[in-house]
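None of these values were measured; they are calculated from a predicted model. First the proteins, then the strands, lettered A, B, ... as listed; each starts at 1.
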Number of protein chains: 2
Amino acid sequence: MAQSRPHVHSDDCPGCHAAPEVAFARHDHSHCSGDVLARAEALANAQGARLTPVRRRVLEILLEEHRALGAYDVLQRLAAEGFGNQPPVAYRALDFLVENGLAHRIRRLNAFAACMHPGEAHAPAFLICRHCNHVAEAPAAAVRAALDGAAAEMGFLIERSNIEALGLCPACRGAGE
Amino acid sequence: MAQSRPHVHSDDCPGCHAAPEVAFARHDHSHCSGDVLARAEALANAQGARLTPVRRRVLEILLEEHRALGAYDVLQRLAAEGFGNQPPVAYRALDFLVENGLAHRIRRLNAFAACMHPGEAHAPAFLICRHCNHVAEAPAAAVRAALDGAAAEMGFLIERSNIEALGLCPACRGAGE
DNA sequence: TCTTGACATGTTATCTTATAACATAGATAG
DNA sequence: CTATCTATGTTATAAGATAACATGTCAAGA
Ligand SMILES: [Zn+2]
Ligand SMILES: [Zn+2]
Ligand SMILES: [Zn+2]
Ligand SMILES: [Zn+2]
(Lines give C-alpha, C1' and ligand atoms only; values in the text may rest on other atoms or scores of the structure.)
(Ligands and ions follow the chains in the order given, each with its own letter.)
Protein backbone atom coordinates (compact mmCIF):
# COMPACT_ATOMS: atom_id res chain seq x y z
CA MET A 1 0.00 0.00 0.00
CA ALA A 2 0.90 3.69 -0.20
CA GLN A 3 2.73 3.28 -3.51
CA SER A 4 4.53 6.18 -5.07
CA ARG A 5 2.47 8.09 -7.63
CA PRO A 6 2.18 11.60 -9.01
CA HIS A 7 0.74 14.05 -6.56
CA VAL A 8 -0.57 17.54 -6.95
CA HIS A 9 -0.86 19.70 -3.90
CA SER A 10 -4.45 20.24 -2.99
CA ASP A 11 -6.31 22.51 -0.64
CA ASP A 12 -8.37 19.57 0.52
CA CYS A 13 -5.42 17.55 1.75
CA PRO A 14 -4.10 18.14 5.23
CA GLY A 15 -0.86 16.55 4.13
CA CYS A 16 -0.31 19.53 1.88
CA HIS A 17 0.89 22.47 3.86
CA ALA A 18 -1.06 24.71 1.53
CA ALA A 19 -4.09 24.15 3.73
CA PRO A 20 -3.10 24.46 7.38
CA GLU A 21 -6.63 25.22 8.46
CA VAL A 22 -7.82 21.73 7.66
CA ALA A 23 -5.00 19.86 9.32
CA PHE A 24 -7.27 18.87 12.19
CA ALA A 25 -10.13 17.85 9.93
CA ARG A 26 -11.10 14.26 9.34
CA HIS A 27 -9.91 13.01 5.97
CA ASP A 28 -8.67 10.19 3.84
CA HIS A 29 -4.97 10.81 3.87
CA SER A 30 -3.86 7.95 1.67
CA HIS A 31 -3.59 10.85 -0.74
CA CYS A 32 -0.91 12.73 1.16
CA SER A 33 0.78 9.79 2.87
CA GLY A 34 1.56 8.05 -0.41
CA ASP A 35 3.15 11.22 -1.63
CA VAL A 36 5.09 11.70 1.56
CA LEU A 37 6.44 8.17 1.40
CA ALA A 38 7.63 8.69 -2.15
CA ARG A 39 9.34 11.93 -1.22
CA ALA A 40 10.89 10.31 1.83
CA GLU A 41 12.35 7.58 -0.31
CA ALA A 42 13.86 10.07 -2.73
CA LEU A 43 15.20 12.14 0.15
CA ALA A 44 16.83 9.18 1.85
CA ASN A 45 18.56 8.19 -1.37
CA ALA A 46 19.76 11.71 -1.97
CA GLN A 47 21.27 11.78 1.54
CA GLY A 48 22.94 8.43 1.18
CA ALA A 49 20.77 7.08 3.97
CA ARG A 50 19.37 3.61 3.52
CA LEU A 51 15.62 3.28 3.90
CA THR A 52 15.72 -0.42 4.75
CA PRO A 53 12.63 -2.63 5.13
CA VAL A 54 12.17 -2.07 8.89
CA ARG A 55 12.76 1.65 8.60
CA ARG A 56 10.47 1.97 5.64
CA ARG A 57 7.80 -0.07 7.35
CA VAL A 58 7.99 2.09 10.47
CA LEU A 59 7.53 5.18 8.38
CA GLU A 60 4.55 3.56 6.67
CA ILE A 61 3.04 2.68 10.03
CA LEU A 62 3.38 6.27 11.21
CA LEU A 63 1.80 7.47 7.98
CA GLU A 64 -1.02 4.93 8.11
CA GLU A 65 -1.96 5.90 11.64
CA HIS A 66 -1.49 9.57 10.91
CA ARG A 67 -1.05 10.33 14.55
CA ALA A 68 1.64 10.20 17.17
CA LEU A 69 2.62 6.65 18.14
CA GLY A 70 4.70 5.47 21.06
CA ALA A 71 7.78 3.36 20.35
CA TYR A 72 6.07 0.35 21.89
CA ASP A 73 2.99 0.82 19.72
CA VAL A 74 5.20 0.73 16.68
CA LEU A 75 7.08 -2.24 18.04
CA GLN A 76 3.88 -4.19 18.52
CA ARG A 77 2.96 -3.73 14.87
CA LEU A 78 6.46 -4.62 13.73
CA ALA A 79 6.49 -7.80 15.78
CA ALA A 80 3.12 -8.82 14.34
CA GLU A 81 4.66 -8.59 10.89
CA GLY A 82 7.68 -10.74 11.60
CA PHE A 83 10.24 -8.10 12.46
CA GLY A 84 12.12 -8.18 15.72
CA ASN A 85 10.02 -7.70 18.80
CA GLN A 86 12.47 -6.05 21.16
CA PRO A 87 12.51 -2.32 21.98
CA PRO A 88 15.78 -1.48 20.22
CA VAL A 89 14.27 -2.54 16.90
CA ALA A 90 11.64 0.16 17.15
CA TYR A 91 13.85 2.79 18.73
CA ARG A 92 16.59 2.38 16.16
CA ALA A 93 14.25 2.74 13.24
CA LEU A 94 12.51 5.70 14.82
CA ASP A 95 15.80 7.39 15.63
CA PHE A 96 16.90 6.91 12.06
CA LEU A 97 13.74 8.54 10.75
CA VAL A 98 14.09 11.47 13.13
CA GLU A 99 17.77 11.96 12.31
CA ASN A 100 16.94 12.03 8.64
CA GLY A 101 14.04 14.41 8.91
CA LEU A 102 11.41 11.82 8.03
CA ALA A 103 9.72 11.81 11.41
CA HIS A 104 9.49 13.97 14.51
CA ARG A 105 9.68 13.15 18.16
CA ILE A 106 6.99 14.66 20.33
CA ARG A 107 8.43 14.71 23.80
CA ARG A 108 5.32 15.74 25.60
CA LEU A 109 3.67 12.53 24.42
CA ASN A 110 6.71 10.26 24.42
CA ALA A 111 5.72 9.59 20.85
CA PHE A 112 6.73 9.89 17.22
CA ALA A 113 4.91 11.14 14.15
CA ALA A 114 5.75 11.03 10.45
CA CYS A 115 6.89 14.32 9.05
CA MET A 116 4.38 15.66 6.58
CA HIS A 117 6.90 17.90 4.87
CA PRO A 118 10.08 15.86 4.47
CA GLY A 119 12.93 17.67 2.85
CA GLU A 120 11.31 21.04 3.13
CA ALA A 121 13.67 22.37 5.81
CA HIS A 122 11.07 23.33 8.32
CA ALA A 123 11.10 23.95 12.06
CA PRO A 124 7.90 22.28 13.12
CA ALA A 125 5.65 23.16 16.02
CA PHE A 126 3.27 20.53 17.33
CA LEU A 127 -0.21 21.39 18.43
CA ILE A 128 -1.68 18.77 20.72
CA CYS A 129 -5.38 18.80 21.56
CA ARG A 130 -5.82 17.93 25.22
CA HIS A 131 -9.36 16.75 24.61
CA CYS A 132 -9.27 14.57 21.49
CA ASN A 133 -5.50 13.97 21.49
CA HIS A 134 -5.09 14.85 17.84
CA VAL A 135 -1.73 16.29 16.87
CA ALA A 136 -0.96 18.64 14.01
CA GLU A 137 2.36 19.84 12.69
CA ALA A 138 2.12 23.57 12.26
CA PRO A 139 4.38 25.60 9.99
CA ALA A 140 6.52 27.47 12.44
CA ALA A 141 9.25 29.26 10.55
CA ALA A 142 8.28 32.50 12.26
CA VAL A 143 8.34 30.84 15.67
CA ARG A 144 11.75 29.41 15.03
CA ALA A 145 13.01 32.78 13.84
CA ALA A 146 11.81 34.43 17.05
CA LEU A 147 13.46 31.67 19.06
CA ASP A 148 16.73 32.10 17.21
CA GLY A 149 16.54 35.79 18.00
CA ALA A 150 15.94 35.25 21.71
CA ALA A 151 18.83 32.78 21.82
CA ALA A 152 21.13 35.11 19.94
CA GLU A 153 20.61 37.78 22.59
CA MET A 154 22.13 35.39 25.09
CA GLY A 155 24.91 34.37 22.75
CA PHE A 156 23.39 30.93 22.34
CA LEU A 157 23.43 29.11 19.02
CA ILE A 158 20.46 26.83 18.38
CA GLU A 159 20.99 23.59 16.51
CA ARG A 160 17.67 21.86 17.05
CA SER A 161 14.45 22.81 18.74
CA ASN A 162 11.30 21.27 20.12
CA ILE A 163 8.27 23.46 20.05
CA GLU A 164 5.13 21.87 21.42
CA ALA A 165 1.84 23.29 22.56
CA LEU A 166 -1.11 21.85 24.43
CA GLY A 167 -4.58 23.26 23.96
CA LEU A 168 -7.83 22.82 22.12
CA CYS A 169 -8.28 21.99 18.45
CA PRO A 170 -11.00 23.74 16.42
CA ALA A 171 -13.47 20.85 16.74
CA CYS A 172 -13.11 20.56 20.50
CA ARG A 173 -13.35 24.31 20.93
CA GLY A 174 -16.58 24.28 18.98
CA ALA A 175 -17.95 21.40 21.04
CA GLY A 176 -17.47 23.54 24.14
CA GLU A 177 -14.30 21.85 25.22
CA MET B 1 19.91 29.57 54.09
CA ALA B 2 18.27 31.47 51.27
CA GLN B 3 16.37 33.71 53.66
CA SER B 4 14.05 36.38 52.35
CA ARG B 5 15.64 39.79 52.16
CA PRO B 6 15.40 42.99 50.14
CA HIS B 7 16.68 42.57 46.63
CA VAL B 8 17.53 45.07 43.97
CA HIS B 9 17.75 43.88 40.41
CA SER B 10 21.32 43.89 39.26
CA ASP B 11 23.08 43.57 35.94
CA ASP B 12 25.53 41.15 37.50
CA CYS B 13 22.91 38.63 38.55
CA PRO B 14 21.73 36.01 36.08
CA GLY B 15 18.66 35.58 38.23
CA CYS B 16 17.61 39.03 37.21
CA HIS B 17 16.07 39.01 33.79
CA ALA B 18 17.57 42.44 33.21
CA ALA B 19 20.77 40.71 32.14
CA PRO B 20 19.96 37.83 29.81
CA GLU B 21 23.43 37.85 28.31
CA VAL B 22 25.02 36.65 31.53
CA ALA B 23 22.60 33.82 32.25
CA PHE B 24 25.18 31.27 31.18
CA ALA B 25 27.99 32.88 33.13
CA ARG B 26 29.37 31.39 36.31
CA HIS B 27 28.12 33.22 39.36
CA ASP B 28 27.13 33.14 43.00
CA HIS B 29 23.40 32.98 42.73
CA SER B 30 22.52 32.95 46.42
CA HIS B 31 21.73 36.53 45.52
CA CYS B 32 18.98 35.74 43.03
CA SER B 33 17.79 32.46 44.51
CA GLY B 34 17.04 34.02 47.88
CA ASP B 35 14.97 36.61 46.16
CA VAL B 36 13.18 34.05 44.02
CA LEU B 37 12.28 31.98 47.04
CA ALA B 38 10.82 34.99 48.79
CA ARG B 39 8.78 35.89 45.76
CA ALA B 40 7.64 32.29 45.36
CA GLU B 41 6.40 32.27 48.92
CA ALA B 42 4.43 35.47 48.44
CA LEU B 43 3.04 34.17 45.18
CA ALA B 44 1.90 30.88 46.66
CA ASN B 45 0.11 32.70 49.47
CA ALA B 46 -1.57 35.05 47.06
CA GLN B 47 -2.83 32.08 45.04
CA GLY B 48 -4.08 30.19 48.05
CA ALA B 49 -1.57 27.45 47.34
CA ARG B 50 0.26 25.97 50.29
CA LEU B 51 4.02 25.97 50.09
CA THR B 52 4.46 23.13 52.58
CA PRO B 53 7.84 21.95 53.92
CA VAL B 54 8.45 19.31 51.25
CA ARG B 55 7.38 21.61 48.46
CA ARG B 56 9.42 24.47 49.78
CA ARG B 57 12.43 22.25 50.24
CA VAL B 58 12.15 20.96 46.68
CA LEU B 59 12.08 24.51 45.41
CA GLU B 60 15.12 25.32 47.51
CA ILE B 61 16.94 22.30 46.14
CA LEU B 62 16.23 23.39 42.58
CA LEU B 63 17.41 26.89 43.40
CA GLU B 64 20.55 25.67 45.17
CA GLU B 65 21.58 23.52 42.25
CA HIS B 66 20.58 26.16 39.76
CA ARG B 67 20.28 23.61 37.04
CA ALA B 68 17.80 21.06 35.79
CA LEU B 69 17.38 18.10 38.13
CA GLY B 70 15.65 14.80 37.51
CA ALA B 71 12.85 13.77 39.83
CA TYR B 72 15.00 11.00 41.24
CA ASP B 73 17.86 13.40 41.93
CA VAL B 74 15.50 15.54 43.93
CA LEU B 75 14.10 12.47 45.66
CA GLN B 76 17.56 11.39 46.75
CA ARG B 77 18.17 14.72 48.45
CA LEU B 78 14.74 14.67 50.07
CA ALA B 79 15.26 11.18 51.43
CA ALA B 80 18.63 12.19 52.87
CA GLU B 81 16.84 14.90 54.81
CA GLY B 82 14.18 12.72 56.33
CA PHE B 83 11.36 13.21 53.87
CA GLY B 84 9.71 10.29 52.14
CA ASN B 85 11.93 8.35 49.82
CA GLN B 86 9.45 7.08 47.26
CA PRO B 87 9.00 8.58 43.76
CA PRO B 88 5.54 10.05 44.34
CA VAL B 89 6.94 12.31 47.04
CA ALA B 90 9.22 14.02 44.55
CA TYR B 91 6.79 13.97 41.64
CA ARG B 92 3.97 15.46 43.66
CA ALA B 93 6.05 18.31 44.96
CA LEU B 94 7.50 18.97 41.51
CA ASP B 95 4.07 18.87 39.90
CA PHE B 96 2.82 21.33 42.46
CA LEU B 97 5.65 23.73 41.71
CA VAL B 98 5.07 23.46 37.97
CA GLU B 99 1.31 23.92 38.33
CA ASN B 100 1.88 27.04 40.36
CA GLY B 101 4.47 28.56 38.09
CA LEU B 102 7.34 28.12 40.53
CA ALA B 103 9.25 25.60 38.43
CA HIS B 104 9.38 24.38 34.87
CA ARG B 105 9.55 20.93 33.40
CA ILE B 106 12.15 20.42 30.70
CA ARG B 107 10.94 17.48 28.71
CA ARG B 108 14.01 17.03 26.61
CA LEU B 109 15.98 16.33 29.78
CA ASN B 110 13.26 14.62 31.81
CA ALA B 111 14.10 17.21 34.39
CA PHE B 112 12.83 20.18 36.35
CA ALA B 113 14.27 23.62 37.03
CA ALA B 114 13.21 26.42 39.35
CA CYS B 115 11.54 29.31 37.62
CA MET B 116 13.70 32.40 37.82
CA HIS B 117 10.80 34.76 37.20
CA PRO B 118 7.89 33.48 39.27
CA GLY B 119 4.72 35.47 38.97
CA GLU B 120 5.91 37.40 35.99
CA ALA B 121 3.59 35.70 33.51
CA HIS B 122 6.21 34.58 31.09
CA ALA B 123 6.35 31.92 28.41
CA PRO B 124 9.79 30.50 28.90
CA ALA B 125 12.09 28.98 26.33
CA PHE B 126 14.88 26.73 27.51
CA LEU B 127 18.28 26.80 25.94
CA ILE B 128 20.23 23.63 26.60
CA CYS B 129 23.94 23.46 25.83
CA ARG B 130 24.74 20.08 24.33
CA HIS B 131 28.35 20.36 25.41
CA CYS B 132 28.35 21.59 29.01
CA ASN B 133 24.71 20.74 29.75
CA HIS B 134 23.92 24.12 31.21
CA VAL B 135 20.36 25.30 30.87
CA ALA B 136 19.07 28.84 30.72
CA GLU B 137 15.56 30.16 30.75
CA ALA B 138 15.27 32.71 27.99
CA PRO B 139 12.63 35.41 27.86
CA ALA B 140 10.41 34.24 25.05
CA ALA B 141 7.35 36.44 24.92
CA ALA B 142 7.99 37.06 21.22
CA VAL B 143 8.38 33.34 20.56
CA ARG B 144 5.16 32.56 22.32
CA ALA B 145 3.38 35.31 20.40
CA ALA B 146 4.57 33.83 17.10
CA LEU B 147 3.44 30.41 18.25
CA ASP B 148 0.02 31.70 19.21
CA GLY B 149 -0.23 33.23 15.77
CA ALA B 150 0.69 30.00 13.97
CA ALA B 151 -1.83 28.11 16.07
CA ALA B 152 -4.55 30.66 15.47
CA GLU B 153 -4.20 30.15 11.73
CA MET B 154 -5.22 26.56 12.28
CA GLY B 155 -8.01 27.47 14.66
CA PHE B 156 -6.07 26.01 17.58
CA LEU B 157 -6.08 27.61 21.01
CA ILE B 158 -2.89 27.20 23.01
CA GLU B 159 -3.09 26.77 26.75
CA ARG B 160 0.45 25.76 27.60
CA SER B 161 3.61 25.39 25.62
CA ASN B 162 7.04 23.83 25.83
CA ILE B 163 9.73 25.58 23.90
CA GLU B 164 13.12 23.97 24.15
CA ALA B 165 16.29 24.31 22.12
CA LEU B 166 19.51 22.36 21.98
CA GLY B 167 22.73 23.99 20.87
CA LEU B 168 25.87 25.66 22.11
CA CYS B 169 26.17 28.20 24.90
CA PRO B 170 28.50 31.21 24.51
CA ALA B 171 31.33 29.61 26.49
CA CYS B 172 31.28 26.37 24.53
CA ARG B 173 31.07 28.23 21.23
CA GLY B 174 34.14 30.22 22.21
CA ALA B 175 36.01 27.08 23.22
CA GLY B 176 35.48 25.74 19.70
CA GLU B 177 32.62 23.45 20.60
C1' DT C 1 37.27 -15.37 -4.90
C1' DC C 2 38.08 -14.44 -0.53
C1' DT C 3 38.63 -11.34 3.13
C1' DT C 4 37.56 -7.63 5.68
C1' DG C 5 35.17 -3.88 7.55
C1' DA C 6 31.03 -1.13 7.87
C1' DC C 7 26.51 -1.21 8.83
C1' DA C 8 22.11 -3.17 10.04
C1' DT C 9 19.35 -6.32 12.72
C1' DG C 10 18.23 -9.24 16.53
C1' DT C 11 18.30 -10.56 21.47
C1' DT C 12 19.14 -10.41 26.52
C1' DA C 13 19.17 -7.84 30.27
C1' DT C 14 18.78 -3.76 32.73
C1' DC C 15 17.97 0.95 33.68
C1' DT C 16 15.35 5.19 34.09
C1' DT C 17 11.14 7.66 34.44
C1' DA C 18 6.43 7.91 35.96
C1' DT C 19 1.93 6.57 38.00
C1' DA C 20 -1.90 3.74 40.26
C1' DA C 21 -3.76 2.54 44.48
C1' DC C 22 -4.16 2.62 49.08
C1' DA C 23 -3.03 3.94 54.12
C1' DT C 24 -1.94 7.57 57.39
C1' DA C 25 -1.50 12.07 59.15
C1' DG C 26 -2.62 17.22 59.43
C1' DA C 27 -5.21 21.11 58.67
C1' DT C 28 -9.92 23.58 58.30
C1' DA C 29 -14.47 24.40 58.98
C1' DG C 30 -18.84 23.48 61.11
C1' DC D 1 -14.76 17.66 68.69
C1' DT D 2 -15.95 15.78 64.49
C1' DA D 3 -16.37 15.78 59.67
C1' DT D 4 -14.03 16.87 55.62
C1' DC D 5 -10.52 18.08 52.75
C1' DT D 6 -5.73 18.14 51.62
C1' DA D 7 -1.19 16.51 51.94
C1' DT D 8 2.18 12.89 52.87
C1' DG D 9 3.87 8.31 52.92
C1' DT D 10 4.22 3.49 51.14
C1' DT D 11 3.77 -0.59 48.09
C1' DA D 12 3.72 -2.10 43.77
C1' DT D 13 3.86 -1.76 38.91
C1' DA D 14 3.64 0.46 34.45
C1' DA D 15 5.87 2.77 30.70
C1' DG D 16 9.81 4.46 28.27
C1' DA D 17 14.62 3.90 26.90
C1' DT D 18 19.35 2.05 26.42
C1' DA D 19 23.76 -0.92 27.15
C1' DA D 20 26.02 -4.74 25.55
C1' DC D 21 26.69 -8.39 22.75
C1' DA D 22 25.68 -11.83 18.83
C1' DT D 23 24.41 -12.51 14.17
C1' DG D 24 23.64 -11.41 9.55
C1' DT D 25 24.31 -8.63 5.06
C1' DC D 26 26.75 -6.42 1.63
C1' DA D 27 30.16 -4.31 -0.96
C1' DA D 28 35.08 -2.67 -1.45
C1' DG D 29 39.68 -4.10 -1.83
C1' DA D 30 43.35 -7.76 -1.76
ZN1 LIG E 1 7.81 17.84 9.68
ZN1 LIG F 1 -9.58 18.15 19.84
ZN1 LIG G 1 10.22 30.76 34.50
ZN1 LIG H 1 28.05 25.04 27.10
- Report yes or no: do B:Asn162 and A:Arg107 form a side-chain donor-acceptor pair below 3.5 Å?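 No.
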
- Task: Could you tell me whether the side chains of B:His122 and B:His104 share a donor-acceptor contact shorter than 3.5 Å?
- Result: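 Distance-only check passes for B:His122 and B:His104.
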
- Message: Counting only side-chain heavy atoms from C-beta out, which of D:dA7, D:dA12, D:dA17 sits nearest to B:Arg55?
- Response: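 Within the option list, the nearest is D:dA7.
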
- Message: Regarding A:Arg77 and A:Asp73, does a basic nitrogen lie under 4.0 Å from an acidic carboxylate oxygen?
- Response: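 Looking at A:Arg77 and A:Asp73, the cut-off is not met.
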
Determine: side-chain N/O of [X] to OP1/OP2 of [N], distance under 4.0 Å, yes or no.
X: A:Asn110; N: D:dA17; answer: yes
X: A:Tyr72; N: D:dA15; answer: no
X: A:Arg105; N: D:dA17; answer: yes

Just how far, in rounded Å, is [atom2] of [N] from [atom1] of [X]?
X: B:Leu109; N: D:dA17; atom1: CG; atom2: P; value: 14 Å
X: B:Leu94; N: D:dT8; atom1: CG; atom2: P; value: 12 Å
X: A:Asn85; N: D:dA17; atom1: CG; atom2: C1'; value: 16 Å
X: B:Tyr91; N: D:dT13; atom1: OH; atom2: P; value: 19 Å
X: B:Glu99; N: D:dA7; atom1: CD; atom2: C1'; value: 16 Å
X: B:Gln86; N: D:dA7; atom1: CD; atom2: C1'; value: 17 Å
X: A:Leu69; N: D:dA15; atom1: CG; atom2: C1'; value: 15 Å
X: A:Leu75; N: D:dA14; atom1: CG; atom2: P; value: 17 Å

- What is the nucleic acid contact for B:Arg92, judged by heavy atoms within less than 4.0 Å: base, sugar-phosphate only, or nothing?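 Answer is base: heavy atoms of B:Arg92 come under 4.0 Å of a base.
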
- Message: Here's a test of your reading of the structure: between B:Phe83 and A:Asp95, which maps to the more 5' nucleotide of DNA chain D?
- Response: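 Between the two, 5'-proximity favours B:Phe83.
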
- A:Leu166 with B:Leu157, same ILVMFWY side-chain cluster at under 4.5 Å: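 Each belongs to a different hydrophobic cluster.
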
- Message: Quick check for you: to the nearest 0.5 Å, what is the distance between A:Ile128 atom CD1 and B:Glu159 atom CD?
- Response: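 Spacing of CD1 (A:Ile128) from CD (B:Glu159) equals 12.0 Å.
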
- When rounded to the nearest 0.5 angstrom, what is the spacing between OG in B:Ser161 and CZ in B:Arg144?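 One finds 4.0 Å between OG of B:Ser161 and CZ of B:Arg144.
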
- What is the 5' to 3' range of DNA chain C, first to last nucleotide, that sits under 4.0 Å from any heavy atom of chain A?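 In short, chain A contacts DNA chain C from C:dC7 to C:dT12.
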
- Task: Return yes if the base of D:dG16 and the side-chain atoms of A:Arg107 contain a donor-acceptor N/O pair under 3.5 Å, otherwise no.
- Result: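 No.
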
- Name all stems that contain residues of DNA chain D, defined as runs of 3 or more consecutive Watson-Crick or G-U wobble pairs, both distances under 3.5 Å.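 Detected stem regions: C:1-30 with D:1-30.
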
- Message: Go through it in stages, so that I can follow the logic: the residues are A:Arg160 and A:Glu99, the test is salt bridge (charged side-chain N to carboxylate O under 4.0 Å, His left out), and I'd like the CA-CA distance, side-chain angles, deciding distance and then a yes or no.
- Response: CA-CA 11 Å; A:Arg160 4 182 88 199; A:Glu99 284 305 309; 3.7 Å; yes

